[in-house]
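Counting convention: from 1, in listed order, for ligands and their atoms alike.
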Amino acid sequence: MERDLVYILGYGVDSFSFDSAVDYIFEKHGQIITINPEMIKCADKNQEFKHIIDNADMVVPDGIGVQLGLKILGHNINRIPGIDLGKALLKRASYLKKTVALIGAEQDVVENAVVNLKFDMPELNIVYYTNGYFSDDEHVISEIISKKPDLILSALGSPKQEFFNYKLKTLLPESITIGLGGSFDVWAGNVKRAPKILRNLGLEWLYRTVCEPQRLKRIFPTLPLFIIKVLKERLLKK
Ligand code: UDP
């Protein structure tokens, strides 16, 4: 299986189906980025972050923004929500008896997430976890290295989690890493996901914004400006 990238505003995005994304990454390992318009905006201003995205081993369209943008550019590709991909990776890791680490969120959140995940997947071998409010990256990294987890889930918010996973990439080339934003809060039971019908309609962002209005300033004006940029790219392509 090989990667098949489509491009949006200069960023390559993989066009895997959900299942083939899981198969591919367990075969090839490396860093998965769950890309969204906010990350693209951030990487446009931060060359190091762009470099990390360009050198990722898989870039999946996490939300409706990138999926819609790609549609405008003529690419019909599946949305792969990070939280769903993260869960599928855990299931596969459990099935394959691989080891797992969880890095991020508040202490009680990561602890509850671990308990709930173990309840769901009793065979899951979590060899290390820590909250995401550490000041000494190197210490946490050396602890992770000593455990050599096959799968590392980082939920530190973006771009912190992508920088953190990038540091691990050369140190643990056989591991799979993914940045999962607020997923541990959901797995801990602290934050509810949107009802399935809204998720299927691509409206999870709307639900999250209604539940957490402070998110509004993250989405606006980023999302509309992103779509305008994509429309410009589309016009220039013609
Ligand atoms: N977080 C962390 N360390 C930090 C900053 C954030 O562990 O220094 C955690 C935070 O507790 C939350 C997650 O990172 O669990 C960020 O969630 P956010 O809602 O920003 O992510 P999104 O899902 O929107 O990408």
Side-chain angles (χ1 to χ4, degrees), residues 11 13 31-44 46 49 52-53 56 58-67 69 79-90 100-117 126 128-141 143-144 149 152-168 177-194 198-199 202-223 226:
Y11 295 80
V13 178
Q31 182 170 16
I32 307 173
I33 306 255
T34 60
I35 202 164
N36 62 33
E38 280 175 275
M39 288 163 77
I40 290 180
K41 182 182 167 197
C42 174
D44 279 345
N46 182 334
F49 189 30
I52 291 174
I53 298 173
M58 183 183 282
V59 180
V60 298
D62 179 43
I64 187 77
V66 171
Q67 188 193 28
R79 193 157 46 92
I80 302 190
I83 187 165
D84 294 331
L85 182 59
K87 198 52 142 338
L89 296 174
L90 287 169
V100 175
L102 271 72
I103 322 296
E106 302 281 355
Q107 184 63 22
D108 60 324
V109 171
V110 67
E111 276 172 11
N112 289 334
V114 166
V115 169
N116 291 342
L117 290 169
I126 299 174
Y128 180 76
Y129 69 86
T130 178
N131 70 66
Y133 294 89
F134 44 85
S135 48
D136 185 357
D137 269 28
E138 300 316 315
H139 173 68
V140 174
I141 285 176
E143 288 196 326
I144 297 172
I152 301 164
L153 311 184
S154 306
L156 304 166
S158 184
K160 193 169 172 185
Q161 60 201 14
E162 285 77 26
F163 277 87
F164 186 80
N165 288 345
Y166 188 68
K167 275 194 194 170
L168 289 170
T177 67
I178 182 167
L180 288 179
S183 303
F184 296 180
D185 298 87
V186 176
W187 294 341
N190 292 12
V191 174
K192 272 205 159 54
R193 279 195 82 185
L198 288 183
R199 280 191 254 155
L203 293 176
E204 185 150 30
W205 63 272
L206 183 61
Y207 179 87
R208 291 184 78 185
T209 310
V210 170
C211 295
E212 301 167 61
Q214 66 277 16
R215 295 184 76 87
L216 202 63
K217 64 173 185 299
R218 280 174 55 171
I219 294 182
F220 294 100
T222 307
L223 192 59
F226 172 78

Engineer: Quick one: look up the protein heavy atom nearest atom 21 (O) of ligand 1 and list residue, atom name and how far away it is.
Structural biologist: Gly182 N, 3.2 Å

Engineer: In terms of residue, atom name and distance, what is the protein heavy atom nearest to atom 19 (O) of ligand 1?
Structural biologist: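 Of the protein heavy atoms, Arg215 NH1, 3.5 Å lies nearest.
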
Engineer: Under a 4.0 Å heavy-atom limit, does Gln107 contact ligand 1 with its side chain, its backbone, both, or neither?
Structural biologist: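 It is neither part, as no heavy atom is under 4.0 Å.
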
Engineer: Taking the minimum heavy-atom distance to atom 12 (C) of ligand 1, which of Val110, Val186, Val191, Asp185 ranks first?
Structural biologist: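 Result: the heavy atom closest to atom 12 (C) of ligand 1 is in Asp185.
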
Engineer: Any Lys/Arg nitrogen of Asp137 or Lys160 sitting under 4.0 Å from an Asp/Glu carboxylate oxygen of the other?
Structural biologist: no

Engineer: So, do Glu106 and Asn131 sit near enough that their side-chain heavy atoms are less than 4.5 Å apart?
Structural biologist: no

Engineer: Provide, to 0.1 Å, the distance between atom 5 (C) of ligand 1 and the closest protein heavy atom, together with that atom's residue and name.
Structural biologist: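 Minimum-distance protein heavy atom for atom 5 (C) of ligand 1 reads Leu156 O, 3.4 Å.
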
Engineer: Which atoms form the tightest heavy-atom contact between Val66 and Pro61, and what is the distance?
Structural biologist: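 The pair with the smallest heavy-atom distance is CG1-CB, 3.8 Å.
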
Engineer: Tell me the protein heavy atom at minimum distance from atom 9 (C) of ligand 1, and give that distance in Å.
Structural biologist: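 Checking every protein heavy atom, the shortest distance to atom 9 (C) of ligand 1 gives Ala155 O, 3.4 Å.
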
Engineer: Quick one: are Asn46 and Phe163 in side-chain contact, heavy atoms under 4.5 Å?
Structural biologist: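 Counting from C-beta outward, Asn46 and Phe163 do come under 4.5 Å.
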
Engineer: Say whether Arg218, considering both its backbone and side-chain N or O atoms, lies within less than 3.5 Å of an N or O atom on ligand 1.
Structural biologist: yes

Engineer: Less than 4.5 Å apart, any side-chain heavy atom of Trp187 and any of Leu90?
Structural biologist: yes

Engineer: To the nearest 0.5 Å, what is the distance between CD1 on Ile83 and CD on Glu204?
Structural biologist: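 Separation between the atoms: 7.5 Å.
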
Engineer: For atom 1 (N) of ligand 1, what's the nearest protein heavy-atom neighbour? Residue, atom name and distance, please.
Structural biologist: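 Minimum-distance protein heavy atom for atom 1 (N) of ligand 1 reads Tyr133 OH, 3.2 Å.
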
Engineer: Counting non-hydrogen protein atoms only, what is the nearest one to atom 8 (O) of ligand 1? Give residue, atom name and distance.
Structural biologist: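 For atom 8 (O) of ligand 1, the nearest protein heavy atom comes out as Lys160 NZ, 2.7 Å.
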
Engineer: Please report which non-hydrogen protein atom sits nearest to atom 3 (N) of ligand 1, along with the residue it belongs to and the distance in Å to one decimal place.
Structural biologist: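 For this ligand atom, the closest protein heavy atom is Gly132 O, 2.8 Å.
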
Engineer: Taking the side chain from Asn36 and the backbone from Gly63, do they hold a donor-acceptor pair closer than 3.5 Å?
Structural biologist: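 Judged by distance alone, no pair lies under 3.5 Å.
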
Engineer: If you apply the rule ring pair (Phe, Tyr, Trp, His ring centres under 6.0 Å), what do you find for Phe184 with Tyr129, and how did you get there?
Structural biologist: CA-CA 12 Å; Phe184 296 180; Tyr129 69 86; 9.7 Å; no

Engineer: As a check for students: among Ala105, Gly104, Gly181, identify the option with a heavy atom nearest to atom 13 (C) of ligand 1.
Structural biologist: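 Comparing heavy atoms across Ala105, Gly104, Gly181, the nearest one to atom 13 (C) of ligand 1 lies in Gly181.
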
